[in-house]
Amino acid sequence: MAPAAAAVTVADPTGAAARAAGRTASDYAGADARSARIDVHHHYTAPEWLAWAERKEMVSAAQLPWWTRWEAAGTLDVMDRAGIATAVVSPAMPVRGFESSAQRRESVTVALDAVAGLTAAHPGRFAFFAPVFPDDLEASRRSFTRGLDDLGAVGVQVRANTRGVYLGDPSHDRLLAELNERSAVVNTHPHELPGTDPARPAVPGVPAFYCDFPLDTTRAAVNLILSGTLDRYPNLSFILPHGGGFLPFIADRMGAFAHFLTPKVEAARVRDYLHRFYYDTAAPLGEAAAAALLATADPARILYGSDWPATPADTLTGVAVPALDRASGLTPLQRRRVNRDNALRLMPSLKRPGS
């Protein structure tokens with residue numbers, strides 16, 4: 001392939017050069033869309049938000065983890081190397097707490113202003129989820145109303161647990177009911193387990209993301225089932241990160257011991273509930289994890305996720321992407337759907353002219 005063509009294929013999968021040649025992203029996707037992926041798991045700590053938070057003496061950027069050092073040029077380079085045409089970013093606000101709801105609302109305003117600028121500066125390359133907070137309905141309303149109605153957010157982002165209260169708790173009903181009316185996509189993400197201190201891991205030397213994050217996601221998913229949330233709010237589409245945490249590996253266990261739950265869940269319905277979630281591939285998703293996920297979830301409900309920049313570039317491009325491309329349980333058509341088409345079906349506003 002000539003150098004000029006290669007530059008379009010990798011560096012500009014949805015951009016002006018492709019459109020000028022009368023071609024679109026799908027022309028470069030191949031049978032499995034590996035060069036036109038839609039990434040639903042992308043952490044975006046806006047530099048503008050960091051500057052604001054430092055002025056408020058809420059954070060010290062130098063003491064924050066590596067994944068908060070987000071910058072556009074390096075991110076676009078990694079996206080091109082990984083074949084990511086569009087990244088759906090989740091604005092991050094890495095603080096341990098806010099002084100007040102008013103401060104949280106100000107924080108959200110800064111974050112949404114920044115992501116609006118990002119999407120405008122790079123058409124087609126970025127979309128976003130609006131952050132919501134189950135313990136703060138007013139801040140959530142302001143965020144999802146502006147995000148969904150004014151700025152074109154494709155869904156909302158929420159933590160698996162908020163101050164130790166898991167997603168699906170009755171205290172979350174008002175928020176979930178309003179999102180249900182909008183048929184919202186709800187992207188979830190784990191956090192530290194309740195009662196743990198991130199500065200002092202429960203197992204010395206083992207960071208929370210290593211083992212605790214998959215458990216946090218699993219707890220949230222089970223609580224969404226147990227609480228009846230999936231039944232009460234059928235218009236919500238929940239995305240579980242990291243291949244659903246431990247959920248695919250304990251699917252049989254969940255069915256076998258469903259009668260031990262309080263209230264009891266019919267064992268025959270457990271598989272149905274598991275098929276109602278969406279799952280992203282951020283893990284990395286190797287052969288064993290892929291096999292477990294495919295035994296649990298419909299391939300039509302699996303979405304590509306990079307976990308950038310929490311997953312370093314060399315791990316993403318050298319381990320995670322090749323593992324997905326080699327996963328033997330997926331046909332080329334299923335892999336194409338995982339890489340791109342499933343996200344377009346779930347979030348049709350991602351489909352723009354020329355994309």
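Counting from 1, the numbers follow the sequence of the chain as shown.
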Identify whether the distance between the nearest side-chain nitrogen and carboxylate oxygen of [X] and [Y] falls below 4.0 Å.
{"X": "D341", "Y": "R345", "result": "no"}
{"X": "R182", "Y": "E178", "result": "no"}
{"X": "D39", "Y": "R125", "result": "no"}
{"X": "D325", "Y": "R34", "result": "yes"}

Of all pairs that satisfy side chain to side chain donor-acceptor pair (under 3.5 Å), the ones with a partner from residues 280-300, not counting sequence neighbours: H41-D280, E287-S328
Pairs where residues 225-247 contributes a residue and the test side chain to side chain donor-acceptor pair (under 3.5 Å) is met, not counting sequence neighbours: D173-R232, D173-Y233, S227-T229, D231-Y273, D231-R276, H242-D307
Would you check if [X] and [Y] make a side-chain contact, meaning some heavy-atom pair closer than 4.5 Å?
{"X": "L316", "Y": "V78", "answer": "yes"}
{"X": "L274", "Y": "M254", "answer": "yes"}
{"X": "V186", "Y": "I239", "answer": "no"}

Selection residues 159-168 - residue pairs positive for salt bridge (charged side-chain N to carboxylate O under 4.0 Å, His left out), sequence neighbours left out: D135-R163
T109 side chain to R105 side chain, donor-acceptor N/O pair below 3.5 angstrom: no
Polar contact flag, side-chain donor to acceptor under 3.5 angstrom, W67-T45: no
Name of the residue among P134, P131, S140, S90 meeting side-chain contact (heavy atoms from CB on, under 4.5 Å) with V158: P134
R37 backbone acceptor or donor facing R340 side chain under 3.5 Å: no
